[in-house]
Amino acid sequence: MRILCIRHGRPAMRYADSLWQVLRAGRLNELLDQYDETGLLRIWNRRRVKTRITAPAISSDLKRAVETAALFTGAPAQAIETSPLFRETPLARFRAENLRLPLIALLALVRFGWFTGWMQCGEGRRETLARVRRAADELERRALRDREIALFSHGFFLWLLSRELCARGWVTEKRGPFRYLETAEFRPADLALTERRLLQQTRPSGADGTS
């Protein structure tokens with residue numbers, strides 16, 4: 001069995017020309033919202049995708065991930081199976097919109113705000129970690145059924161997912177951070193043990209004489 005995790009390619013949109021460019025916090029709020037509607041920088045990504053992935057694929061439902069899946073699989077974007085389960089870990093939003101700082105500092109604050117719950121965010125850290133566990137459940141189920149699955153998702157989410165998979169007995173040479181278009185392959189450290197665990201999880205209640 002194997003699970004492939006692929007980070008999306010470079011998006012067409014950039015927050016600013018430099019991480020050190022000073023922005024107003026309210027402007028970053030707007031850019032964060034716009035970013036989730038952005039697709040890929042087409043030529044840059046097409047030049048760098050040299051391999052074809054033939055494993056069954058599933059993607060985050062955000063445009064940049066879906067278009068990446070289409071590039072790697074050769075399937076039309078509208079034919080890619082998608083799920084919000086695999087969306088990026090959210091970034092918080094600023095209430096003090098007139099705060100002005102370098103972009104790198106603003107991004108650090110919104111990630112810290114998500115981690116601590118200090119700032120408003122659509123999905124808190126506990127909810128995100130629960131979603132990561134559900135995502136790992138789904139990938140393991142598909143790997144057991146199809147023997148392999150390819151997931152197209154996002155950098156920070158894949159880093160959290162990597163930690164969860166490794167805690168479950170999967171091994172990989174790459175646990176993050178993930179660069180654009182980078183692939184990590186996960187295989188069970190002990191195939192027989194992993195298969196037995198997954199089969200027990202999918203067995204109906206009472207199938208082993210218990211209820």
Side-chain angles (χ1 to χ4, degrees), residues 1-9 40 45 48-62 64-89 123 125-211:
M1 289 190 295
R2 67 172 184 161
I3 296 171
L4 297 175
C5 292
I6 305 97
R7 187 188 177 192
H8 65 78
L40 294 183
N45 290 283
R48 288 163 175 80
V49 174
K50 305 296 185 182
T51 59
R52 179 64 58 87
I53 289 178
T54 58
I58 189 168
S59 171
S60 157
D61 61 345
L62 295 180
R64 60 191 184 273
V66 177
E67 290 184 358
T68 302
L71 270 181
F72 273 99
T73 64
Q78 60 270 25
I80 301 295
E81 182 182 357
T82 66
S83 172
L85 182 64
F86 305 108
R87 279 191 172 199
E88 178 60 298
T89 305
E123 179 184 69
R125 180 168 63 95
R126 290 183 179 180
E127 290 81 7
T128 297
L129 294 178
R131 180 163 60 91
V132 167
R133 291 190 291 271
R134 294 197 304 273
D137 290 342
E138 178 64 13
L139 292 175
E140 286 189 320
R141 183 184 68 80
R142 289 174 181 250
L144 179 65
R145 183 189 68 191
D146 300 327
R147 311 310 295 174
E148 60 180 357
I149 181 67
L151 169 66
F152 296 86
S153 187
H154 309 266
F156 197 78
F157 183 83
L158 288 177
W159 180 73
L160 294 174
L161 180 63
S162 296
R163 292 167 61 90
E164 178 65 23
L165 289 173
C166 289
R168 297 181 182 206
W170 296 78
V171 293
T172 182
E173 295 181 356
K174 179 69 177 179
R175 292 181 62 175
F178 290 82
R179 298 188 299 270
Y180 292 135
L181 303 175
E182 190 164 22
T183 299
E185 180 177 312
F186 294 80
R187 291 186 181 272
D190 185 322
L191 178 59
L193 182 62
T194 299
E195 287 183 324
R196 187 160 58 249
R197 173 175 62 83
L198 296 178
L199 286 170
Q200 288 174 347
Q201 291 174 354
T202 58
R203 184 178 300 159
S205 177
D208 58 355
T210 64
S211 59

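- Under the rule for a ring-ring contact (aromatic ring centres under 6.0 Å, His included), Trp170 has no partner lying at least two apart in sequence or in another chain.
- Between the NZ atom in Lys174 and the CG atom in Leu158 there is a gap of 11.0 Å [rounded to 0.5 Å].
- Expressed to the nearest 0.5 Å, how far CG of Leu139 lies from CD of Glu148 amounts to 13.0 Å.
- Pairing each heavy atom of Val66 with each of Ala77, the nearest pair is CG1-O, 3.6 Å.
- In terms of heavy atoms, Phe72 sits closest to Thr51 at CD2-O, 3.8 Å.
- Contact annotation: the side chain of Thr172 never approaches that of Leu165 to less than 4.5 Å [non-hydrogen atoms, C-beta and beyond].
- Remark: side-chain polar atoms of Ser153 are not paired, donor with acceptor, to backbone N or O of Ser60 under 3.5 angstrom.
- Salt-bridge annotation for Glu81 and Arg142: present, with a side-chain N of the basic residue lying under 4.0 Å from a carboxylate O of the acidic one.
- With respect to the salt-bridge test (charged N to carboxylate O, under 4.0 angstrom), the residues Arg131 and Glu127 do not qualify.
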message: Between Glu195 and Arg147, does the salt bridge (Lys or Arg N to Asp or Glu O under 4.0 Å) criterion hold? Intermediate values first, please.
response: CA-CA 10 Å; Glu195 287 183 324; Arg147 311 310 295 174; 2.6 Å; yes
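- Atom CZ of Arg141 sits about 9.0 Å away from atom CD1 of Ile149, to the nearest 0.5 Å.
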message: As a quick check of understanding, evaluate side-chain contact (heavy atoms from CB on, under 4.5 Å) for Ile80 and Phe152, giving each step before the final call.
response: CA-CA 10 Å; Ile80 301 295; Phe152 296 86; 6.0 Å; no
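- Side chain of Glu67 to backbone of Leu40: a donor-acceptor contact under 3.5 angstrom is found.
- Side-chain atoms of Arg168 and Asp137, non-hydrogen and from C-beta on, do get closer than 4.5 Å to each other.
- In this structure, CG on Leu151 lies 9.5 Å from CG on Leu4, to the nearest 0.5 angstrom.
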task: Run the numbers on Arg2 and Phe186 for side-chain contact (heavy atoms from CB on, under 4.5 Å), then give the verdict.
output: CA-CA 5 Å; Arg2 67 172 184 161; Phe186 294 80; over 6 Å; no
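- For Glu182 (side chain) and Arg7 (main-chain N/O), no donor-acceptor pair under 3.5 Å exists by modelled atom type.
- Taking the six-membered ring where tryptophan is involved, the planes of Phe157 and Phe86 are perpendicular, since the angle between them exceeds 60° and thus also 30°.
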- request: Kindly indicate, with the supporting measurements, whether the criterion side-chain contact (heavy atoms from CB on, under 4.5 Å) is fulfilled by Cys5 and Leu161.
  value: CA-CA 9 Å; Cys5 292; Leu161 180 63; 4.1 Å; yes
- prompt: For Leu198 and Gln201, what are the C-alpha separation, side-chain angles and deciding distance, and is it a side-chain contact (heavy atoms from CB on, under 4.5 Å)?
  reply: CA-CA 5 Å; Leu198 296 178; Gln201 291 174 354; 3.6 Å; yes
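- Contact of the Asp61 side chain with the Arg87 side chain is registered, since non-hydrogen atoms from C-beta on lie closer than 4.5 Å.
- Nearest approach of Asn45 to Gly9, heavy atoms of both residues: OD1-CA, 3.0 Å.
- The minimum heavy-atom distance between Ser59 and Ala69, with the atom names listed, is CB-CB, 4.2 Å.
- Atom CG of Leu191 sits about 10.5 Å away from atom CZ of Arg196, to the nearest 0.5 Å.
- Taking each heavy atom of Ala150 and Ile53 in turn, the nearest pair found is CB-CG2, 3.9 Å.
- Here the NE2-CZ distance, from His8 to Arg64, works out to 4.5 Å after rounding to the nearest 0.5 Å.
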